[in-house]
Amino acid sequence: MDEIKSDDIIPKIGPEFEIEVELYDAYMKYAKVTGFGTRKLAAHKDPVTGNILDMSFCCCKEGFRTTNNQGVTVKNPRPEIRCGCKAMMKVNCRCGGKFCIVKFIAEHNHELCDLEKSYMFRCFRQMSNIQQTQVDAAQSCGLPPKKIIDVMAKEVGGIQHLGFTHIDLKNYLRTKRTLEIKQDDSGSVLQYLQMMISEDPHFYYAIQLDVEDLITNIFWTDGGMIQDFGHFGDVVCFDTTYRKHRDGSPIALFVGVNHHKQTNVFGAALLYDETIETFECLFAAFKDAMMGKRPKTILTDQDQAMSAALASKWPSTYIAYVFGIFFKMQPFIS
């Protein structure tokens with residue numbers, strides 16, 4: 001790597017550190033400047049006191065991945081990144097109670113990463129408590145994850161200085177939602193929907209679950225809405241601008257107008273996000289509820305994910321992009 005490192009950053013055999021965190025931070029700083037990721041390789045503790053006797057830190061490409069002998073087929077295998085790199089640092093704490101570097105290997109058997117991209121290693125990615133508070137505040141205002149990370153990256157001068165990536169942000173929001181959504185909440189929703197079916201035999205609902213079997217999107221319509229769509233469903237307005245204030249979840253409405261120029265709601269959905277997959281499931285559920293009938297024209301905004309989902313599920317439907325009181329009609333071509 002062409003990056004010139006200061007001699008103070010390069011670990012040396014001999015210096016002592018008071019605590020483990022101080023030593024590990026020093027090795028992490030050296031690794032980030034050099035262009036490789038790190039992880040803890042091994043550690044030994046005193047069986048009586050529980051104090052650390054020695055530990056080793058290594059390159060993230062140390063060793064090789066263990067083979068699976070059980071014959072299990074992995075659906076989405078991860079690429080192999082380990083190549084048996086020997087770069088490491090060993091620390092001893094057996095004398096004097098201080099951490100002392102006793103072994104250091106700086107040579108790597110692979111190409112090192114550029115300094116501008118080293119932030120992407122997992123060991124350097126972590127959201128602080130302040131950043132989590134900022135994300136919670138931005139989400140409560142209705143900002144999607146992409147907008148949140150763009151704003152925070154501009155504040156610190158680039159995503160390389162942010163300390164986490166878009167994937168880390170999505171994982172944090174998913175974990176937060178998992179903690180907030182309790183089993184009783186899901187049970188109450190299902191109980192209410194079942195009650196509506198008992199009152200209206202034509203009531204229809206569809207629930208989309210994620211990989212953790214948590215409710216993400218809910219669509220529902222009743223017998224009156226289905227009947228109205230059969231009479232006045234040639235032109236439908238689809239809107240996702242209504243949101244719950246607390247978490248910014250979009251409430252999507254399928255709306256039309258009857259022969260008395262009165263507004264008719266044909267269906268509604270509570271969405272977790274506004275991705276292509278979400279809209280595809282929603283349009284498929286709406287078509288199923290309406291017994292295969294689709295609107296001839298749909299009025300909506302210029303959302304790219306929504307347009308892609310419409311082109312996939314309703315290719316023969318005309319889309320009208322609304323600009324205030326004007327709109328431009330454009331057919332989907334499959």
Side-chain angles (χ1 to χ4, degrees), residues 142 144-147 170 189 193 196-197 200-211 214-244 248-334:
K146 186 178 185 305
K147 293 292 184 182
K170 293 181 65 176
V189 171
L193 295 175
M196 294 300 297
I197 289 181
D200 181 2
H202 299 287
F203 185 87
Y204 176 95
Y205 73 90
I207 294 178
Q208 182 182 358
L209 306 178
D210 60 10
V211 294
L214 296 176
I215 295 177
T216 55
N217 306 308
I218 305 174
F219 167 77
W220 68 92
T221 184
D222 58 28
M225 296 178 183
I226 296 175
Q227 185 177 8
D228 289 339
F229 180 78
H231 295 297
F232 314 109
D234 290 340
V235 179
V236 172
C237 178
F238 180 66
D239 191 8
T240 59
T241 58
Y242 300 99
R243 296 176 180 271
K244 292 175 60 180
S249 299
I251 299 178
L253 298 176
F254 294 90
V255 182
V257 178
N258 62 17
H259 57 294
H260 294 296
K261 296 183 180 180
Q262 296 173 330
T263 300
N264 290 98
V265 178
F266 302 136
L270 182 61
L271 308 178
Y272 173 66
D273 54 23
E274 297 179 76
T275 60
I276 296 177
E277 293 77 11
T278 293
F279 286 127
E280 285 181 342
C281 292
L282 176 59
F283 296 144
F286 183 84
K287 178 184 175 182
D288 184 53
M290 303 305 167
M291 294 169 288
K293 181 180 178 180
R294 296 172 295 182
K296 295 181 179 179
T297 301
I298 185 167
L299 309 178
T300 185
D301 57 15
Q302 288 184 303
D303 185 89
Q304 295 182 355
M306 189 187 305
S307 299
L310 284 170
S312 173
K313 294 299 180 180
W314 297 350
S316 61
T317 300
Y318 281 78
I319 183 171
Y321 294 126
V322 181
F323 300 91
I325 61 174
F326 302 100
F327 61 87
K328 177 183 178 182
M329 299 185 66
Q330 174 185 342
F332 283 127
I333 301 177
S334 59

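What you see is a predicted model, and the numbers here were worked out from it, not measured in a lab.
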Cut-off 3.5 Å, no hydrogens considered: what does the side-chain donor-acceptor table look like for residues 200-207, sequence neighbours left out?
{"unit_1": "D200", "atom_1": "OD1", "unit_2": "H202", "atom_2": "N", "d": "3.0"}
{"unit_1": "D200", "atom_1": "OD2", "unit_2": "G223", "atom_2": "N", "d": "2.9"}
{"unit_1": "Y204", "atom_1": "OH", "unit_2": "D288", "atom_2": "OD2", "d": "2.7"}
{"unit_1": "Y205", "atom_1": "OH", "unit_2": "Q194", "atom_2": "NE2", "d": "2.7"}

Legend entry - Nearest heavy atoms of A305 and F279, plus distance in Å: C-CD1, 3.9 Å
Inset, instruction - Would you list the pairs meeting side-chain hydrogen bond (donor to acceptor under 3.5 Å, both in side chains) in which at least one residue belongs to residues 254-267, sequence neighbours left out? - result: D228-N264, N258-Q262, N258-N264
Inset, instruction - Describe, in one word, how the ring planes of F283 and F238 are oriented to each other, choosing from parallel (under 30°), tilted (30 to 60°) and perpendicular (over 60°). - result: perpendicular
Legend entry - Interatomic distance, I298 atom CD1 to C237 atom SG [nearest 0.5 angstrom]: 8.0 Å
Legend entry - Shortest non-hydrogen contact from L271 toward N217: CA-OD1, 3.3 Å
Legend entry - Distance, nearest 0.5 Å, that separates CH2 of W314 from OG of S312: 12.0 Å
Inset, instruction - Quick one: closest heavy-atom pair of A320 and L299, and the distance? - result: CB-CD2, 3.0 Å
Inset, instruction - Enter the distance from M306:CE to L282:CG here, rounded to the nearest 0.5 Å. - result: 9.0 Å
Legend entry - Closest non-hydrogen atom pair between A289 and I226, with its separation: O-CD1, 3.7 Å
Inset, instruction - State, with a plain yes or no, whether a side-chain heavy atom of D234 is found less than 4.5 Å away from one of T297. - result: no
Inset, instruction - Measure the spacing between NZ of K287 and CZ of R294 and express it to the nearest 0.5 Å. - result: 4.5 Å
Inset, instruction - Report yes or no: is the cationic atom of K293 (NZ for Lys, CZ for Arg) under 6.0 Å from the centre of the six-membered ring of F229, at an angle within 45° of the ring normal? - result: yes
Legend entry - Straight-line distance of Q227 CD to D222 CG, nearest 0.5 Å: 10.5 Å
Inset, instruction - Taking the side chain as every heavy atom from C-beta outward, state whether V235 and K296 have any pair of such atoms under 4.5 Å apart. - result: no
Legend entry - Distance-minimising heavy-atom pair for P295 and V236: CB-CG2, 3.7 Å
Inset, instruction - Rounded to the nearest 0.5 Å, what's the gap from CE on M225 to CE on M290? Could you check? - result: 8.5 Å
Legend entry - Exercise: identify the closest heavy-atom pair between T278 and Q208: CA-OE1, 4.2 Å
